[in-house]
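Data first, discussion second: the structure below is written as structure tokens.
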Protein chains: 2
Amino acid sequence: MKIDPEKRTDLSAQIADAIREAIISGRLIVDERLPSEAELADQFDVSRPTVREALKRLAAQSLIRTQRGATGGAFVNRLSFEDAYSQQITTSTLLLSMNAVSFDTACEARYALERACAPLSAQRRSPDHLATMRAEIHRQSQPGLTDEAFCASDVAFHRALVDGAGNPVISYQLAGAVEAMQPLMNMITFTARDRAAIVSLHTAIADAIEAQDAPAADAQLAELERYTRQLARDVLAARAARVSGT
Amino acid sequence: MKIDPEKRTDLSAQIADAIREAIISGRLIVDERLPSEAELADQFDVSRPTVREALKRLAAQSLIRTQRGATGGAFVNRLSFEDAYSQQITTSTLLLSMNAVSFDTACEARYALERACAPLSAQRRSPDHLATMRAEIHRQSQPGLTDEAFCASDVAFHRALVDGAGNPVISYQLAGAVEAMQPLMNMITFTARDRAAIVSLHTAIADAIEAQDAPAADAQLAELERYTRQLARDVLAARAARVSGT
DNA sequence: GACTTTTAAATGTCTGACAAATGAAAATTG
DNA sequence: CAATTTTCATTTGTCAGACATTTAAAAGTC
């Protein structure tokens, strides 16, 4: 554990890689304590600040946690689903915004994956998830709601639908696909008519889930996808026309 | 940009959060240069090592890159799909291994999501993806292949299937679901008969994709899921019997 | 025995310094 | 003047040493 050749990368990056590899391979297990910073500095033959930079890299990925005090130190962290969710959402959001991913592409991905868990959701939906979906539908139909709040509620509705599948791995994988759409949807202005149409489709979806009617849920999701993509096309076209017509 | 209240978190974490927020919100755009470490230390009223720890945290998430020299510094990084892939895979793999996710749960998630992109893949599949699938099938049918290599080839086959959908967002979202299964699959020993059955199903899937027959692809994937889950159950049951019988 | 104090170990932070890389400006040369 | 070389300032990478803070266990006290 002291390999620092003449690579062209940072020492702190090399050390972080070495420790990360040890965690992934299982040589370091959950809740195991790493050597102290001073000991690591000795082992890798670098200074303590360099070790600290490496540890901060790992902390940023929630791979370790640190604790001060006599029995403190750096411990291998059990990566929780919650931690993974937020990382997933951050990465997905940035990926979409930085690579100019089209609304259409992101939308297609989102609905393709959501439709995949609709059958499971229909089969296993709990009263809890149904209540959340109904509550969000109610919020969406209230007048005076800002577009942003409408989008946020839309995301919450779809999250409940996904979580209804009762499979935490699916919930995790779809967290990014569902939440990263929000910034893109925020670019759309929803007319009262649009909102009514979406609320109606959401209601139909919730009804289908409640009735455990998977094919109906799939059909309504497909229709919602079609409507959303058409809406985005219209809004973008109108915006383009306004710009060129100035 | 100088808010460091009496929180109970690290200063470096607070600074990293502030800069990350600026990137996500768009106040810092791609390729923009951050102030030098000395300037950041001044602005946040902390020392340079503390700023450096914050920057390393961001670098670990590929949010920034650093460059030495006269015109160097830290730059907002365009998060590439490739970077996002590997982060996604690392996180998914750790999430599954650290939380004792059952084979069944992970398998259900993987196939539910894969089946979601089968129709798109059938519609858009390129000769490239088909060739990859055929090549992996061929590899899988060669005798003398280790179980590990067989699993790796299996992952490559499924990756090609997913990539065939031609939607980079889908490919990104599913990278974790597909690749994180590999360590779990590596715990299974495949008999010659098992391998033959899997190869046969893979061939049927590739045929369906080539024929652009989405329903057939879906059916074969469902069958492959059923077979894989049954296989895992059998292997685990046999292992449990052997342990209790000792 | 219960409570308080001390102490040691560990991380968090700071100061100051030097090394190395790198591009641009300045000096040199044909 | 143009091309090349040299110098140089800027910035990150690394190090050494120090002090502050937190924490739990050990020692001491009633």
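Predicted model only: the values in this text are computed from it and were never measured. By convention in this document, chain letters (A, B, ...) are assigned in the order of the sequence lines, proteins followed by strands, and residues within each chain are numbered from 1. Just so it is clear, the values below take in all heavy atoms, side chains as well, and ignore hydrogens, waters and symmetry mates.
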> Of all residues at least two apart in sequence or in a different chain, which pass the side-chain hydrogen bond (donor to acceptor under 3.5 Å, both in side chains) check with B:R159?
Replying inline: B:E179
> Which pairs with one or both residues in residues 46-83 of chain A pass ring pair (Phe, Tyr, Trp, His ring centres under 6.0 Å), sequence neighbours excluded?
Replying inline: none
>> I'd like to check the salt bridge (charged side-chain N to carboxylate O under 4.0 Å, His left out) partners of A:E148; sequence neighbours left out, ordered by chain and number.
In response: none
> What residues form a ring-ring contact (aromatic ring centres under 6.0 Å, His included) with B:Y85, not counting sequence neighbours?
Replying inline: none
>> Let's see if you get this right: which residues in residues 60-70 of chain B place a heavy atom under 4.0 Å from DNA chain D?
In response: B:T66, B:Q67, B:R68, B:G69, B:A70
>> My validator wants the stems of DNA chain C: runs of 3 or more consecutive Watson-Crick or G-U pairs, both distances under 3.5 Å, written as range with range.
In response: C:1-30 with D:1-30
>> Can you tell me how far apart CD (A:E21) and OG1 (B:T90) are? Round to the nearest 0.5 Å.
In response: 10.5 Å
>> Checking B:F190 now: which residues fulfil ring-ring contact (aromatic ring centres under 6.0 Å, His included) with it, not counting sequence neighbours?
In response: B:F150
> Is a side-chain donor-acceptor pair under 3.5 Å present for B:S92 with A:Y172?
Replying inline: yes
>> Nearest whole Å is fine: how far is C:dA9 P from A:F75 CZ?
In response: 16 Å
> With sequence neighbours excluded, what pairs up with B:R57 under the salt bridge (charged side-chain N to carboxylate O under 4.0 Å, His left out) test?
Replying inline: none
> Between A:D163 and A:R124, is there a salt bridge with N-O shorter than 4.0 Å?
Replying inline: no
>> Restricting to salt bridge (charged side-chain N to carboxylate O under 4.0 Å, His left out), what partner residues turn up for B:D104, sequence neighbours left out?
In response: B:R229, B:R233
>> For the CG atom of A:L96 and the CD atom of A:Q182, what is their distance to the nearest 0.5 Å?
In response: 12.5 Å
Nucleotide N/O of nucleotides 13-16 of chain C paired with protein N/O under 3.5 Å:
| from | atom 1 | to | atom 2 | distance (Å) |
| --- | --- | --- | --- | --- |
| C:dT13 | OP1 | B:L11 | N | 2.8 |
| C:dC14 | OP2 | B:S47 | N | 2.9 |
| C:dC14 | OP2 | B:S47 | OG | 2.8 |
| C:dC14 | OP2 | B:T50 | OG1 | 2.6 |

> With sequence neighbours excluded, what pairs up with B:R125 under the salt bridge (charged side-chain N to carboxylate O under 4.0 Å, His left out) test?
Replying inline: none
>> Reading DNA chain D in the 5' to 3' direction, which nucleotide is the first one with an atom under 4.0 Å from a heavy atom of chain A, and which is the last?
In response: D:dG13 to D:dA24
